[in-house]
Amino acid sequence: MILIQNQVFNLKNFEVPAFALSKGEMIRFWVEVVPQSETVTDGYWAPSKLIESLQSTHPGKEIKRVCPARVKRNFFDFIQPITLDDYLRTRFNLNTKAINEKLSFFSLKPEWKVKNLGYAHQKIFAIICEFPKERIVSFDYYGFAPDSEEQLTKYVKAELEKGKSAISFDNLYYKPENPDSERIKNLDIRQRRKTNENNS
């Protein structure tokens, strides 16, 4: 079942290829990151802008914003820090088996406190928390080490087998020669090249 179908379109100076997202699969966009200056890198804005474009083009679809880098915690969590187990149990009514299954992909311990997670684990946990509540999950791989990227892809594929779908983003520079294509459509988003008409 096709959930989203889109034609080729331009986003700023980048060309987004035509694509169709079906139930149980992920589209992984490999974005060409082009340095504009020593302090600004063009291309990292693509996930949020592309999702915004899809939301306006497909207003009736379940296309949510790109997953945040960390989960929201309430005031009481700062007084009595919540564990990963308690967070997943209270927010999504998951049982012990489901919680351990999700966390085992990343060697995360149920008793660990959410507030003590490092950057990569915070981001991974936020992605874990998106799948129980959304049919289409959007996230990016930016900032992950190769082992974390591999763990995350295995986890996402397990969710795809359950009927979930995803839209993800990564840096084209790190795209392997033969990227994983099991339930995954790998598409490049490249900068449109300017042609010099004066060249003979």
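A quick note: this is a predicted structure, and the numbers were derived from the prediction, not measured.
- In terms of heavy-atom proximity, Arg183 sits nearest to Gly24 at NH1-O, 2.8 Å.
- Cation-pi geometry between Arg28 and Tyr141 is satisfied (NZ or CZ under 6.0 Å from the ring centre, within 45° of the ring normal).
- Qualifying ring-ring contact (aromatic ring centres under 6.0 Å, His included) partners for Tyr155, counting only residues two or more places apart in sequence or in other chains: Phe105, Phe106, Phe131.
- Looking at heavy atoms from C-beta onward, Lys185 lies in side-chain contact with Ile27 at the 4.5 angstrom threshold.
- Taking every heavy atom of both residues into account, Ser148 and Ile124 meet most closely at CB-CD1, 4.3 Å.
- Here the side chains of Val66 and Ile167 are not in contact, with every heavy-atom distance at 4.5 Å or above.
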May I have the step-by-step check of side chain to side chain contact (heavy atoms under 4.5 Å, CB included) for Cys129 and Leu88, ending in yes or no? CA-CA 7 Å; Cys129 291; Leu88 292 172; 3.8 Å; yes
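- Shortest non-hydrogen contact noted between Val156 and Met26 is CG1-SD, 3.8 Å.
- Among all heavy-atom pairs drawn from Ser22 and Ser165, the shortest one is O-OG, 3.2 Å.
- In this structure, Asp188 CG and Phe14 CZ are separated by 12.0 Å, a value rounded to the nearest 0.5 Å.
- No more than 12 heavy atoms of other residues, nucleotides or ligands shown are found within 6.0 angstrom of CG on Asn93.
- A donor-acceptor pair under 3.5 Å is formed between the side chain of Ser104 and the backbone N or O of Asn100.
- Judged purely by atom type and a 3.5 angstrom limit, Glu32 uses its side chain to pair as donor or acceptor with the backbone of Gln191.
- The ring pair (Phe, Tyr, Trp, His ring centres under 6.0 Å) pairs that include a residue from residues 165-191 are Phe29-Phe169, where partners are two or more places apart or lie in different chains.
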Under the criterion side chain to side chain contact (heavy atoms under 4.5 Å, CB included), I'd like the reasoning laid out for Leu152 against Phe139: C-alpha separation, chi angles, the key distance, then a yes or no. CA-CA 11 Å; Leu152 178 56; Phe139 66 94; 3.7 Å; yes
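- The OG1 atom of Thr153 sits 10.0 Å away from the CD atom of Gln151 when rounded to the nearest 0.5 Å.
- Look at Lys109 and Asp85 and you find no salt bridge, because none of the NZ, NE, NH1 or NH2 atoms lies under 4.0 Å from a carboxylate O.
- Side-chain contact between Ile189 and Pro17 is present, with heavy atoms from C-beta onward closer than 4.5 Å.
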With salt bridge (charged side-chain N to carboxylate O under 4.0 Å, His left out) as the criterion, how do Lys154 and Glu150 come out once you've worked through the C-alpha distance, each side chain's angles and the decisive distance to 0.1 Å? CA-CA 6 Å; Lys154 286 181 179 179; Glu150 184 177 343; 3.7 Å; yes
Just do the side chain to side chain contact (heavy atoms under 4.5 Å, CB included) check on Thr90 and Ile82 with the steps written out, would you? CA-CA 10 Å; Thr90 57; Ile82 192 170; 4.2 Å; yes
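- Contact check for Leu84 versus Val114: side-chain heavy atoms found under the 4.5 Å cut-off.
- Side-chain contact check for Leu172 versus Arg190: some heavy-atom pair is nearer than 4.5 Å.
- Nearest heavy atom pair, residue Cys67 against residue Glu130, reads SG-CG, 3.4 Å.
- Looking at Ser53, its side chain never comes within 3.5 Å of a backbone N or O of Lys49 through a donor-acceptor pair.
- Using modelled atom types, one side-chain atom of Lys164 and one backbone atom of Glu134 make a donor-acceptor pair closer than 3.5 Å.
- Counting only heavy atoms from C-beta outward, the side chains of Lys157 and Asp180 approach each other to under 4.5 Å.
- For the pair Leu108 and Ile128, the minimum side-chain heavy-atom distance is below 4.5 Å.
- Only one option out of Asn95, Thr96, Thr83 pairs with Arg89 in a side-chain hydrogen bond (donor to acceptor under 3.5 Å, both in side chains); it is Thr96.
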Would Asp140 and Ser168 count as a side chain to side chain contact (heavy atoms under 4.5 Å, CB included) if you check the C-alpha gap in whole Å, the side-chain angles of each, and the deciding distance to 0.1 Å? CA-CA 5 Å; Asp140 68 69; Ser168 64; over 6 Å; no
Tell me, with the steps shown, if Glu101 and Lys162 meet salt bridge (charged side-chain N to carboxylate O under 4.0 Å, His left out). CA-CA 14 Å; Glu101 179 183 288; Lys162 299 175 185 176; 3.3 Å; yes
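- Here the side chains of Asp170 and Phe144 are not in contact, with every heavy-atom distance at 4.5 Å or above.
- For CD of Glu111, the number of neighbouring non-hydrogen atoms (other residues, nucleotides, ligands) closer than 6.0 Å is greater than 12.
- In this structure, Met1 is a member of the same hydrophobic cluster as Phe19, with clusters built from ILVMFWY side-chain heavy atoms closer than 4.5 Å.
- Contact between Ala20 and Glu25 at its shortest, heavy atoms only, is O-OE2, 3.2 Å.
- Side chain to side chain, Trp30 and Asn171 fail the donor-acceptor criterion of an N or O pair below 3.5 Å.
- Under the 4.5 Å side-chain heavy-atom criterion for Ile, Leu, Val, Met, Phe, Trp and Tyr, Leu3 and Leu187 are members of the same hydrophobic cluster.
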